[in-house]
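Chain identifiers are assigned alphabetically (A, B, ...) following the order of the sequence lines, protein sequences preceding nucleic acid strands; residue numbering begins at 1 within each chain.
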Protein chains: 4
Amino acid sequence: MSPRRRDSESTAAARAERRAGLLATAAEVFASRGYAATTVREVADAAGILGGSLYYHFDSKESMVDEILSTFLTDMWAAYDRVLGSGLGARETFQELVAESFRMIDRYRPAVVIYQNESKHLAANPRFGYLQESQRRFRETWLAVLDRGVLDGEFRADLDTGLIYRFIRDTVWLAAGWYRGDGPLPAEEIARQYIAMVLEGILST
Amino acid sequence: MSPRRRDSESTAAARAERRAGLLATAAEVFASRGYAATTVREVADAAGILGGSLYYHFDSKESMVDEILSTFLTDMWAAYDRVLGSGLGARETFQELVAESFRMIDRYRPAVVIYQNESKHLAANPRFGYLQESQRRFRETWLAVLDRGVLDGEFRADLDTGLIYRFIRDTVWLAAGWYRGDGPLPAEEIARQYIAMVLEGILST
Amino acid sequence: MSPRRRDSESTAAARAERRAGLLATAAEVFASRGYAATTVREVADAAGILGGSLYYHFDSKESMVDEILSTFLTDMWAAYDRVLGSGLGARETFQELVAESFRMIDRYRPAVVIYQNESKHLAANPRFGYLQESQRRFRETWLAVLDRGVLDGEFRADLDTGLIYRFIRDTVWLAAGWYRGDGPLPAEEIARQYIAMVLEGILST
Amino acid sequence: MSPRRRDSESTAAARAERRAGLLATAAEVFASRGYAATTVREVADAAGILGGSLYYHFDSKESMVDEILSTFLTDMWAAYDRVLGSGLGARETFQELVAESFRMIDRYRPAVVIYQNESKHLAANPRFGYLQESQRRFRETWLAVLDRGVLDGEFRADLDTGLIYRFIRDTVWLAAGWYRGDGPLPAEEIARQYIAMVLEGILST
DNA sequence: CATGAATGAGGATTCATTCAT
DNA sequence: GATGAATGAATCCTCATTCAT
């Protein structure tokens with residue numbers, strides 16, 4: 001490793017790493033206590049520094065959630081877009097989108113919890129306009145998949161896709177509330193069962 | 001209406017009615033802004049009185065949510081218990097419990113939203129021990145229904161009932177987040193489609 | 001005094017009086033310590049209440065200076081406009097404007113001190129746009145008086161009126177820095193000597 | 001340039017130069033934003049370094065103003081003392097002192113602004129005792145000139161010299177607030193007009 | 001000489017709560 | 001029943017200052 005390399009690491013990269021570490025801590029705390037109910041001091045305590053020190057790295061408590069959520073959403077849409085661009089049929093697209101969602105939960109669990117619990121309130125703030133935009137795309141994406149599935153005869157025609165969409169929208173992230181990476185069921189398996197339940201129902205045939 | 005009757009109304013009954021009205025207002029505000037983020041003043045504003053005046057009726061902000069949630073849960077369990085005591089099979093019990101849940105959403109929408117969003121945080125407080133107790137009974141109840149359904153051959157045996165329970169636990173209340181009593185779909189119809197989806201899946205057969 | 005009258009007094013008027021009293025206290029403190037260097041707690045201490053209590057009456061520290069300054073400026077311009085509208089010659093107008101200024105110092109001493117010391121910094125804030133507007137009118141007004149005096153042959157033509165204006169602009173309020181209503185010299189007398197100095201100079205003739 | 005020479009520069013002299021440069025920057029910022037309202041970081045930004053780096057050169061924010069003000073005052077009193085020691089009459093002394101003051105404004109504009117705006121507040125701090133001492137000498141000096149002028153029959157006897165002194169004390173530095181070295185009027189000319197105004201008045205004769 | 005990260009005291013502001021009227 | 005004024009603890013954030021590198 002050259003000195004130059006080390007030098008750049010000790011500035012830009014190290015700074016970014018520190019930020020990322022602090023954000024991971026903050027996300028954990030926001031997720032478990034709720035954003036509004038979490039004090040900056042609690043985040044700092046969890047990070048082992050003093051409250052004021054957080055402001056060397058971040059402008060405000062708000063900018064922390066902002067970064068947490070936008071990082072997650074950016075990555076999520078990249079994954080969704082990969083799926084949507086691969087020319088799959090409605091059913092396969094459904095399966096892959098769900099699978100990606102559970103991978104996101106695996107990777108960004110606290111961010112997903114925050115997204116679930118707080119995005120409705122945060123979206124009122126212009127700064128978080130991208131939350132509404134994301135919500136809009138999400139709806140558009142899922143409705144398209146469901147409608148196409150109905151057209152192709154893959155999905156039942158007697159169900160209101162608007163209704164189904166709403167259930168999926170909310171349920172797809174719900175596992176974030178209880179999922180533990182170290183639990184008995186891996187994300188893959190949870191996704192598989194979720195898909196089986198939604199596609200085929202829980203009745204035996 | 002006799003003067004005596006009116007007099008009693010203006011004390012016990014009228015007092016209770018006023019409380020109920022204020023709680024309805026408070027529930028609305030807590031549901032839309034989030035409990036932690038709602039100020040007592042916002043509740044009072046919505047009720048058309050001053051912040052301090054709420055303290056004539058309630059001990060604290062906390063006692064307001066407390067009453068909102070416990071009223072809802074008491075009623076909910078009464079309805080659940082009626083279903084559970086009527087000797088139905090697993091599938092019918094499933095259907096009736098879900099139907100009751102949607103009726104609850106219809107009747108207690110703001111309370112359900114608060115329950116969904118805040119009960120995890122509130123449960124840390126000993127005062128809200130009944131939330132954990134309720135959660136425990138909910139889990140016990142639903143697992144029993146699912147397990148019995150599997151035993152009876154009504155439900156698929158290849159799904160993890162623990163997993164299915166968690167989805168149901170969360171999804172059954174989710175509609176509270178967007179349901180509007182004056183919307184196009186009545187609670188009954190939403191329940192019907194929800195049941196159809198969970199029981200039979202969304203695939204066409 | 002009718003009950004109705006007393007009632008109205010105990011609401012609107014009493015509230016206004018309390019505000020005015022607190023503002024007088026705040027003005028005193030801002031004037032003596034400097035606005036930026038004054039803490040809200042110091043203002044509250046001076047008023048005999050706790051820091052937080054000030055926020056029942058005012059939105060912010062800023063809104064306090066705002067009200068202090070705008071009240072003063074409104075009254076000042078009313079007085080100036082009376083003089084300007086009375087059709088006096090340049091010299092008499094000069095004398096009367098100066099006299100009014102010293103009366104303002106007498107009545108609004110702390111506000112004038114704040115105006116002198118802080119308006120340049122505050123004016124950067126859009127909320128205090130009226131400070132710039134007031135400055136503009138002040139300049140326009142005094143330049144008109146001076147220029148007309150030169151035209152009429154009352155004032156010397158060999159002095160730069162732009163320069164003279166600047167001296168007057170600043171000096172007219174300067175006495176606020178040391179004037180004490182209970183000192184040996186009444187405002188009238190100070191104004192008289194100021195006028196004599198500026199009009200005739202300090203040389204003996 | 002010998003290595004030795006360069007070496008000495010990079011220690012004593014260069015250090016002093018760096019300090020002077022940083023102080024000039026600091027004075028500029030303090031003057032434009034106000035001392036209390038200026039953050040150390042703003043000074044550092046203006047100097048192109050980081051906040052903490054200033055502490056290599058100075059003990060504290062306070063020591064910066066201290067050095068700014070004492071440098072200015074030392075130089076000012078040297079100039080004043082030269083005038084006072086040259087045996088001039090009251091009128092000439094008046095003229096020369098005013099001329100020196102305007103030269104000071106030309107050379108130390110930001111320091112003079114700070115002196116005008118902050119010295120009253122800073123003087124409360126024992127460290128800045130010399131500000132009060134300077135104020136005392138200033139008063140003594142000017143009163144002596146004025147009183148002697150009255151005795152000698154050069155200045156009018158009907159004006160309160162205590163009052164005149166106060167106007168001069170404040171006005172003599174006021175131009176610092178708006179003077180620009182690159183403006184149309186040189187310091188000399190402003191001084192000339194100021195002297196003409198105060199000595200002879202603005203009335204035409 | 002300068003940086004970057006942190007400290008810790010303090011500052012403006014919010015808010016649940018109290019209480020005399 | 002409600003008001004209006006106040007309390008006081010807690011919150012977010014700022015900033016002068018320190019110090020290892």
Side-chain angles (χ1 to χ4, degrees), chain A residues 7 10-12 14-15 18-19 22 36-44 47-64, chain B residues 10-11 14-15 18-19 22 36-44 47-64, chain C residues 7 10-12 14-15 18-19 22 36-44 47-64, chain D residues 10-11 14-15 18-19 22 36-44 47-64:
Chain A
D7 197 50
S10 68
T11 53
R15 189 198 222 72
R18 184 70 172 119
R19 277 177 78 84
L22 292 171
T38 298
T39 71
V40 169
R41 200 173 172 280
E42 283 167 342
V43 173
I49 58 178
L50 288 180
S53 305
L54 278 175
Y55 289 83
Y56 177 77
H57 302 278
F58 305 99
D59 285 343
S60 62
K61 182 185 171 187
E62 206 179 68
S63 79
M64 292 186 226
Chain B
S10 68
T11 52
R15 186 193 231 71
R18 183 72 172 120
R19 278 178 77 84
L22 291 171
T38 298
T39 70
V40 169
R41 200 172 172 281
E42 284 168 340
V43 173
I49 60 178
L50 289 182
S53 306
L54 278 175
Y55 287 81
Y56 178 82
H57 302 279
F58 305 99
D59 286 344
S60 64
K61 183 185 173 188
E62 210 178 63
S63 77
M64 292 186 228
Chain C
D7 197 50
S10 66
T11 54
R15 188 195 223 73
R18 183 70 173 121
R19 277 177 78 84
L22 291 170
T38 298
T39 71
V40 169
R41 201 174 170 282
E42 283 167 342
V43 173
I49 59 178
L50 289 180
S53 305
L54 277 176
Y55 288 83
Y56 178 77
H57 302 278
F58 305 99
D59 285 342
S60 62
K61 183 185 170 188
E62 206 179 68
S63 78
M64 293 185 226
Chain D
S10 68
T11 53
R15 186 193 232 71
R18 183 73 172 119
R19 279 177 77 84
L22 291 171
T38 298
T39 72
V40 169
R41 199 172 173 282
E42 283 168 340
V43 173
I49 59 178
L50 289 181
S53 306
L54 279 175
Y55 287 82
Y56 178 81
H57 302 278
F58 305 100
D59 286 343
S60 63
K61 182 185 174 188
E62 210 178 64
S63 77
M64 292 186 228

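- Atom CZ of B:Arg15 and atom OH of B:Tyr56 lie 4.5 Å apart (nearest 0.5 Å).
- Here C:Ser63 pairs with C:Phe58, C:Asp59, C:Ser60, C:Arg127 under the side chain to side chain contact (heavy atoms under 4.5 Å, CB included) rule; sequence neighbours left out.
- Residue D:Ile49 is in sugar-phosphate contact alone, with no base atom involved, counting any heavy-atom pair closer than 4.0 Å across all strands shown.
- Checking the phosphate oxygens (OP1, OP2) of E:dA5, a side-chain nitrogen or oxygen of A:Tyr56 falls inside 4.0 Å.
- For A:Arg15, a side-chain nitrogen or oxygen approaches OP1 or OP2 of E:dA5 to under 4.0 Å.
- Scanning DNA chain F for stems, defined as runs of 3 or more consecutive Watson-Crick or G-U wobble pairs whose donor-acceptor distances all fall under 3.5 Å, gives the following ranges: E:2-21 with F:2-21.
- In this structure, CZ of C:Phe58 is placed 11 Å from P of F:dA5, rounded to the nearest angstrom.
- A straight line from CD of B:Glu42 to P of E:dT14 spans 12 Å, rounded to a whole angstrom.
- Residue A:Arg19 places no side-chain N or O under 4.0 Å from the OP1 or OP2 atom of E:dA5.
- Distances shorter than 4.0 Å separate none of the side-chain N or O atoms of A:His57 from OP1 or OP2 on E:dG4.
- Using a 4.5 Å heavy-atom cutoff, the side chains of A:Met64 and A:Leu22 are not in contact.
- Take D:Arg41 and apply the side chain to side chain donor-acceptor pair (under 3.5 Å) test, not counting sequence neighbours, and it matches D:Asp45.
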Each nucleotide of nucleotides 14-19 of chain F classed B (base within 4.0 Å of a protein heavy atom), S (only sugar-phosphate) or -, in 5' to 3' order, makes BSSBB-

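- Partners of B:Arg18 by salt bridge (Lys or Arg N to Asp or Glu O under 4.0 Å), not counting sequence neighbours: none found.
- D:Thr38 and D:Lys61 make their closest contact through O-NZ, 2.8 Å (heavy atoms, listed as atom of the first residue, atom of the second, distance).
- Considering every non-hydrogen atom in both D:Ala36 and C:Ala37, the closest pair reads CB-CB, 3.9 Å.
- When the C1' atom of F:dG8 is taken as reference, atom CG of C:Leu54 falls 14 Å away, rounded to whole Å.
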